[in-house]
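The residues of the chain are indexed from 1 along the displayed sequence. Read the numbers this way: they start at 1 and go in the same order the structure lists the ligands and their atoms. Just so we're clear, the structure is a prediction, and the values are computed from it rather than from any experiment.
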Amino acid sequence: TKIFQPFSTMYEFDSGALNPQGKLISRRLSDMSSMYQDSEAVQALLNDNPLIYEVYNVEVPENEEHIQHCTTILYPGKVGSEFFMTKGHYHEIINRAEIYFCLKGKGLLIMQTKEGEFSSLEMEPGTIAYVPPYWAHRTVNTGDETFVFFAAYPGDAGHDYGLIETEGFVKAVMEQAEKYALVANPSY
Ligand code: F6R
Ligand code: ZN
């Protein structure tokens, strides 16, 4: 067996970034334009193509011995009245769980199973959310500042975006009367 060397990473409290930054993923509106409900609002924003979120991912081997860990920085904003959100996914190995720890801002973690069960959890700094095995998960920035959370999950989990890309989540998170509302997604 090859022994892996211990190491640490610094979390930057102001920005939510990691140092060293690891593998950086950036997603703009054009990377997920079909996932928002209001296609006219999408068209109107596509020229600007806003940055919606970034993931700083510590690079460890993608196998069951290891624990993937990363921060997600989800910017504030809306597409029409739908809040900025992550794409969302099931794990490729669907029975792999995950822990989200909110560090900054506020948001909503929405989850669903393939049987159509739906659940949501509010996140604020200090919230530790548990995403159990079999639940797809997406985060939504329901505030007006940057929402940042740390995530840790089994090294071999992988990401399956396919079903979410075609069907979406059971509910969309929209702004209503200066709060958020969970609204049925007609294409689910
Ligand atoms: C990893 C995980 C998070 C997300 C990240 C971006 O399993 O759940 O680190 O990957 O918040 O969201 P997606 O991957 O849905 O674009
Ligand atoms: Zn995940």
Side-chain angles (χ1 to χ4, degrees), residues 9 11 15-18 21-36 49-77 79 82-114 118-125 127-143 146-173 185 188:
T9 306
Y11 172 70
S15 65
L18 296 181
Q21 76 166 38
K23 195 175 88 192
L24 176 63
I25 298 165
S26 297
R27 289 202 171 111
R28 293 185 172 274
L29 181 60
S30 59
D31 299 313
M32 54 185 303
S33 58
S34 65
M35 291 184 149
Y36 288 91
N49 199 15
L51 178 61
I52 296 182
Y53 61 104
E54 295 171 301
V55 182
Y56 287 79
N57 200 249
V58 177
E59 288 185 88
V60 299
E62 292 180 12
N63 67 47
E64 66 192 11
E65 295 187 339
H66 287 272
I67 298 174
Q68 302 291 334
H69 51 296
C70 58
T71 55
T72 300
I73 302 175
L74 182 47
Y75 292 101
V79 179
E82 189 171 15
F83 291 108
F84 280 10
M85 62 189 181
T86 59
K87 289 177 73 167
H89 57 271
Y90 288 93
H91 289 151
E92 212 169 289
I93 302 182
I94 196 168
N95 68 358
R96 295 301 191 257
E98 182 152 3
I99 291 166
Y100 279 4
F101 178 28
C102 179
L103 293 157
K104 199 184 176 80
K106 70 172 186 182
L108 198 67
L109 166 60
I110 63 172
M111 290 160 284
Q112 69 189 29
T113 65
K114 289 198 172 165
F118 179 88
S119 181
S120 70
L121 291 171
E122 289 182 353
M123 309 269 294
E124 61 178 33
T127 306
I128 300 170
Y130 187 60
V131 180
Y134 304 103
W135 289 79
H137 39 288
R138 162 184 284 166
T139 45
V140 183
N141 187 337
T142 52
T146 305
F147 168 49
V148 182
F149 61 93
F150 175 81
Y153 56 104
D156 62 350
H159 297 91
D160 180 2
Y161 295 100
L163 203 58
I164 303 299
E165 271 163 0
T166 51
E167 295 185 343
F169 274 74
V170 177
K171 289 175 184 175
V173 188
N185 166 19
Y188 178 80

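- Inspection of the His159 and Glu92 side chains reveals no N or O donor paired with an N or O acceptor under 3.5 Å.
- Not a single ring pair (Phe, Tyr, Trp, His ring centres under 6.0 Å) links Phe101 to another residue, sequence neighbours left out.
- Geometrically, Arg138 does not engage Phe118 in a cation-pi contact defined by less than 6.0 Å to the ring centre and at most 45° from the axis.
- Taking 4.5 Å as the limit, some side-chain heavy atom of Tyr90 sits within range of a side-chain heavy atom of Gln112.
- In this structure, His91 NE2 and Trp135 CH2 are separated by 14.5 Å, a value rounded to the nearest 0.5 Å.
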For each nitrogen or oxygen atom of ligand 1, which protein N/O atoms lie closer than 3.5 Å, and how far apart are they, rounded to 0.1 Å?
| from | atom 1 | to | atom 2 | distance (Å) |
| --- | --- | --- | --- | --- |
| ligand 1 | 7 (O) | His89 | NE2 | 3.2 |
| ligand 1 | 7 (O) | His91 | NE2 | 3.1 |
| ligand 1 | 7 (O) | Glu98 | OE1 | 2.8 |
| ligand 1 | 7 (O) | Glu98 | OE2 | 3.2 |
| ligand 1 | 7 (O) | His159 | NE2 | 3.0 |
| ligand 1 | 8 (O) | His89 | NE2 | 3.1 |
| ligand 1 | 8 (O) | Glu98 | OE1 | 3.0 |
| ligand 1 | 8 (O) | Glu98 | OE2 | 3.0 |
| ligand 1 | 8 (O) | Tyr100 | OH | 2.6 |
| ligand 1 | 8 (O) | His137 | NE2 | 3.2 |
| ligand 1 | 11 (O) | Thr72 | OG1 | 2.8 |
| ligand 1 | 14 (O) | His89 | ND1 | 3.3 |
| ligand 1 | 14 (O) | Tyr161 | OH | 2.5 |
| ligand 1 | 15 (O) | Gly88 | N | 2.8 |
| ligand 1 | 15 (O) | His89 | ND1 | 3.0 |
| ligand 1 | 16 (O) | Arg27 | NH1 | 2.6 |
| ligand 1 | 16 (O) | Tyr53 | OH | 2.5 |

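- One distance of note links CD of Glu64 with CZ of Arg96; it measures 7.0 Å at 0.5 Å rounding.
- In the model, Glu98 has no side-chain atom that pairs as donor or acceptor with a side-chain atom of Tyr130 under 3.5 Å.
- Contacts of Phe149 classified as ring pair (Phe, Tyr, Trp, His ring centres under 6.0 Å), with partners at least two apart in sequence or in another chain: Tyr100, Phe147.
- Under a 4.0 Å N-O distance rule, the pair Glu165/Lys87 qualifies as a salt bridge.
- Excluding waters, the protein N/O/S atoms found under 2.8 Å from the Zn ion (ligand 2) are His89 NE2, His91 NE2, Glu98 OE1, His137 NE2.
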